[in-house]
Engineer: 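Starting off with a structure, shown below.
Chain naming here is simple, since letters A, B, ... match the order of the sequence lines and numbering starts at 1 in each. Every value quoted in this text rests on a predicted model; they were computed, and no experiment measured them.
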Amino acid sequence: MNDDDDVGFPESSSAAEAADSYLVGFVLANIVGLRYYSGAVSGRELVGLVREPLNPFDPNAIKVLNTRSIQVGHIERTVAAALAPLLDSRVVSAEGIVPKPPKSSNSFRLACQIHLFARLDAFEVVRAAVAEGGMQLFDVSDPEFGLSEAAVVKERGGKSARKVDEIFAFVGRDEGKITPAEPPKEVILSELFDHQREGLGWLVGRENSCELPPFWEEKDGGFVNVLTNYKTHERPNPLRGGIFADDMGLGKTLTLLSLIATSSRYPVRRYATEISGGSVEGKMRSCSATTSRSSKKVGNSRKRQKLDDDGGENEDVSGSKTTLIVCPPSVISSWITQLEEHTRPGSLKVYLYHGVRTRDEEELMKYDIVFTTYSTLSADFGYSYPPIQKIKWYRVILDEAHVIKNFAAQQTKAVIALKAERRWVVTGTPIQNSSFDLFPHMAFLRFEPFSIKNYWLSLVQRPLDQGSKSGLSRLQALLGAISLRRTKTAQNGKGNLVALPPKIVETYFVDLSAEERERYDVMESEAQNTVREYMNADTVLHNYSTVLHIILRLRQICNDVALCPSDITSLLPSNHLEDVSKNPELLKKLASLVEDGDDFDCPVCLSPPTKTVITCCAHIFCQNCILRTLKRHNSCCPICRHLLSKSDLFLAPEMQSSDDDECKSLLSNRPISSKVSTLLKLLLESKKQDPSTKSVVFSQFKKMLILLEQPLKDAGFCILRLDGSMSMKKRFEVINEFSRVGPDAPTVLLGSLRAAGAGINLTAASRVYLLEPWWNPGVEEQAMDRVHRIGQQKEVRVVRLIVSGSIEERILELQERKKRLATGAFGRKAAKEQKQMCVEDLRIMMRL
DNA sequence: ACCGCCGGGTGCC
DNA sequence: ACCGCCGGGTGCC
């Protein structure tokens, strides 16, 4: 057994915090010594990795714990030797997952994937250390991956990730109706409102619930946690408590007093009033710091004996039903006021554990309610055996629990260490601001597996930090499963504890000037002719890159002619064979296409290529994707079935950022395009309304972002740029600077989509301008979500700029079609085709 | 034989 | 552990 039994979760091995750490990859290692420990692991289960520097056999030892914090074994010595320094120096945090169940019950070792997380600037160090230790670092996009043992695991992992979200979606949905409850009239004098009776019903119901906690199911006579896949034969304890998060002003305090009253011993032991003496009023006087000792009484010895052996967690130590309420000092008085107002005098005895306070546990147990503050708790914690920590309370209520923010803080630790059968987190504040670390609350509530840091991080916090949709929905689902929130406005309905302000998306149509229009029309008809030829000859696929090129140019003109050379045909490959290997010119052009475009999705993985490869048949892929595909599919190009070998693949040159100045000089002193002037107009309007409003302008064309700089500066905007060529570190610096406030603070961020990937948080802005329509609506969605995500305080307005009567309008049309398809009957089937442009799409886009 | 080879003892860190 | 590894016994053909 492990030693940290009190709190019920292990100290995490993850030193690097979630905020800016990312998955470097994973290594395979054995868990050894299973023979010597009792911890069981079933397949696909997460395990805790905990350093054990004092191990007498190996200072590098890393022990492995299962979900229940029971030791399973150790990480094999060689791997531990390589990882220990990384963990100790907090360069990495590690999470283990056991992919397959042990072959037999008396196995000696067990394979484990160790996922390593680190800050981006430490990736190289980690890679080097892993290599030094003789291990292979597996990467998600490793082409070799398809064949390794790890692949099986990873594939399953992918499936399970989807499944995890389904599980989350399911939980909390089956929450039954609440049966309203009446408080005992002997104690509560006031009449409760309907919603308060319901609230009371919910509270009482949860405290007396015998149901399995959320995410647990009964299966084959045993119990399984469907999230962690942990199986056990012991029935997990019900979660007797939760989060009570009614809006302010709905009377949470009275509802909670009613809850306390239902378990108070009044009127049964009316005689006890005399023993402990003092009504509420009496207590009120004795509560002040200077006189709180006055309530000291000699306890009876029978109780003391019981208290002394309170190590037994299951024992209800004294039979007492004392509720401990922890709250900020200012809130105590409002509790007292409500006590006076709503309860029968003398029916609930209270003690203020605050200032000069008793050290006598037995004394404390005489009261119905003991109030204390977070800072008192924190001050006491660390003293040996402070009574408040030693007592096993009947119930603990954390009021205004949102004041707990930092898991590492002493006061948080003190709160989590409190012992009680019934635990409540009470808050009236929806989680909207950026400090929304709910882990302390999960730990306090003993809500497994979220009360275990690694699980919290990987299941909720990390997805949330990286701005993924599933992060938010998981958080909402799990909170929904254990909390009650009603808002003043939305009566009856369960308000969401995690609410985002609204997002308004509008499309602003831009009219081209007469000159621009003429230019565009000429180009478009040229383009139509070319594409029509390919279509008639059925050679669209063989001229794929040319077609992409044409479309790209048309889209560029919609933004600004400066993005595109005047003669569209000059950019088309002269050679109809499109063989890059025999045509270095074409390679160059394609490379520029990739660089300009910034939005080419690899047709295999449907996301922007990491290492861009151009085939001799002029199609574009991620290096890893095309390598993997060639291995599987008889060496054919997935687009045109051209035979390919490795020598037919060309790495696109890395993007250069040095041409910025060149671009700038090229682009300066030109008349402003219609789209740019429209953007300026909109930005100025919003500045007029509120000068502090911050905006993000997204374009997929790097040149467009450069081109915008000067006009924006001239119009008096302080701007920043975020592009794909920046290192992650630099990106975070830019975002940090962008969120600065003050008279000289930047208000406009020019961003490329590629730079706004996972982990990028742009909530400082409340306006988003999308300069062009994106191929795939999901990508636009993602861009908006960098701004519209947890931490956003304001309503978000998104404006898409679309040139009317242009290819942009048709792209919009295509997007709509695809959305319809995706949500329609063919939903799942259409998903793959959705992102790849087909001939039919091309027809629509080119008006052919 | 300062070797190779055999087979028994043994087994996390 | 139906392994690897260690260290003792052993030794031409």
Engineer: Separation of R35(A) atom CZ from dC3(C) atom C1', in whole Å?
Structural biologist: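 Between C1' of dC3(C) and CZ of R35(A): 14 Å.
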
Engineer: Looking at the side chain of F108(A), which of dC13(B), dC12(B), dA1(C) is the nearest nucleotide?
Structural biologist: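 My answer, after comparing the listed nucleotides, is dA1(C).
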
Engineer: Ion pair present between R68(A) and E234(A), side-chain N to carboxylate O less than 4.0 angstrom?
Structural biologist: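 Between E234(A) and R68(A) there is no salt bridge, as every charged N stays at least 4.0 Å from the carboxylate O atoms.
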
Engineer: Might you work through the side-chain contact (heavy atoms from CB on, under 4.5 Å) test for R395(A) and R240(A), ending with a clear yes or no?
Structural biologist: CA-CA 9 Å; R395(A) 175 191 291 118; R240(A) 297 195 193 276; over 6 Å; no

Engineer: Using a 4.5 Å cut-off on heavy atoms from C-beta on, say whether the side chain of L49(A) contacts that of L83(A).
Structural biologist: no

Engineer: Can you confirm whether more than 12 heavy atoms, excluding those of R127(A), are under 6.0 Å from its CZ atom?
Structural biologist: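 Yes, enclosed.
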
Engineer: What is the pairing partner of dC13(C), taking Watson-Crick or G-U wobble pairs with both distances under 3.5 Å in any strand?
Structural biologist: none

Engineer: Between atom CD in E76(A) and atom C1' in dG4(C), what is the gap in whole Å?
Structural biologist: 13 Å

Engineer: Side chain of Y37(A), base of dC12(B): donor and acceptor closer than 3.5 Å?
Structural biologist: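 Check passes, donor-acceptor contact within cut-off.
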
Engineer: Roughly, in whole Å, what's the span from CG in L83(A) to P in dC13(B)?
Structural biologist: 14 Å

Engineer: If we take the C1' atom in both dC5(B) and dA1(B), what is their distance in whole Å?
Structural biologist: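 That atom pair is separated by 12 Å.
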
Engineer: Which whole-number value in Å describes the distance from F57(A) CZ to dC13(B) C1'?
Structural biologist: 7 Å

Engineer: Does the aromatic ring of Y36(A) sit over the six-membered base ring of dC12(B), closer than 5.5 Å centre to centre and tilted less than 30°?
Structural biologist: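 Answer is yes, a stack.
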
Engineer: Which part of the nucleic acid does E52(A) contact within heavy-atom distance under 4.0 Å: base, sugar-phosphate only, or nothing?
Structural biologist: nothing

Engineer: Find the distance Q71(A):CD to dC13(B):C1' and express it as a whole number of Å.
Structural biologist: 9 Å

Engineer: Given atom NZ of K103(A) and atom P of dC2(C), what is their separation to the nearest angstrom?
Structural biologist: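 Nearest whole value for this atom pair: 13 Å.
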
Engineer: Rounded to the nearest Å, what distance is computed from the CG atom of residue N30(A) to the C1' atom of nucleotide dC3(C)?
Structural biologist: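 From N30(A) CG to dC3(C) C1': 12 Å.
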
Engineer: Would you classify L34(A) as touching base, sugar-phosphate or nothing, given that sugar-phosphate means primed atoms plus P, OP1 and OP2, and contacts are heavy atoms under 4.0 Å?
Structural biologist: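 Contact class for L34(A): none.
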
Engineer: When you compare dC2(B) with dC13(C), how far apart are their C1' atoms, in angstrom units rounded to a whole number?
Structural biologist: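 Those two atoms are separated by 25 Å.
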
Engineer: Does N55(A) make a side-chain donor-acceptor contact with the base of dC13(B), cut-off 3.5 Å?
Structural biologist: yes

Engineer: In whole Å, I'd like the distance from the CG atom of N106(A) to the P atom of dC2(C).
Structural biologist: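 Distance check: N106(A) CG to dC2(C) P gives 11 Å.
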
Engineer: Does the side chain of E448(A) come under 3.5 Å of the side chain of W216(A) through a donor N or O and an acceptor N or O?
Structural biologist: no

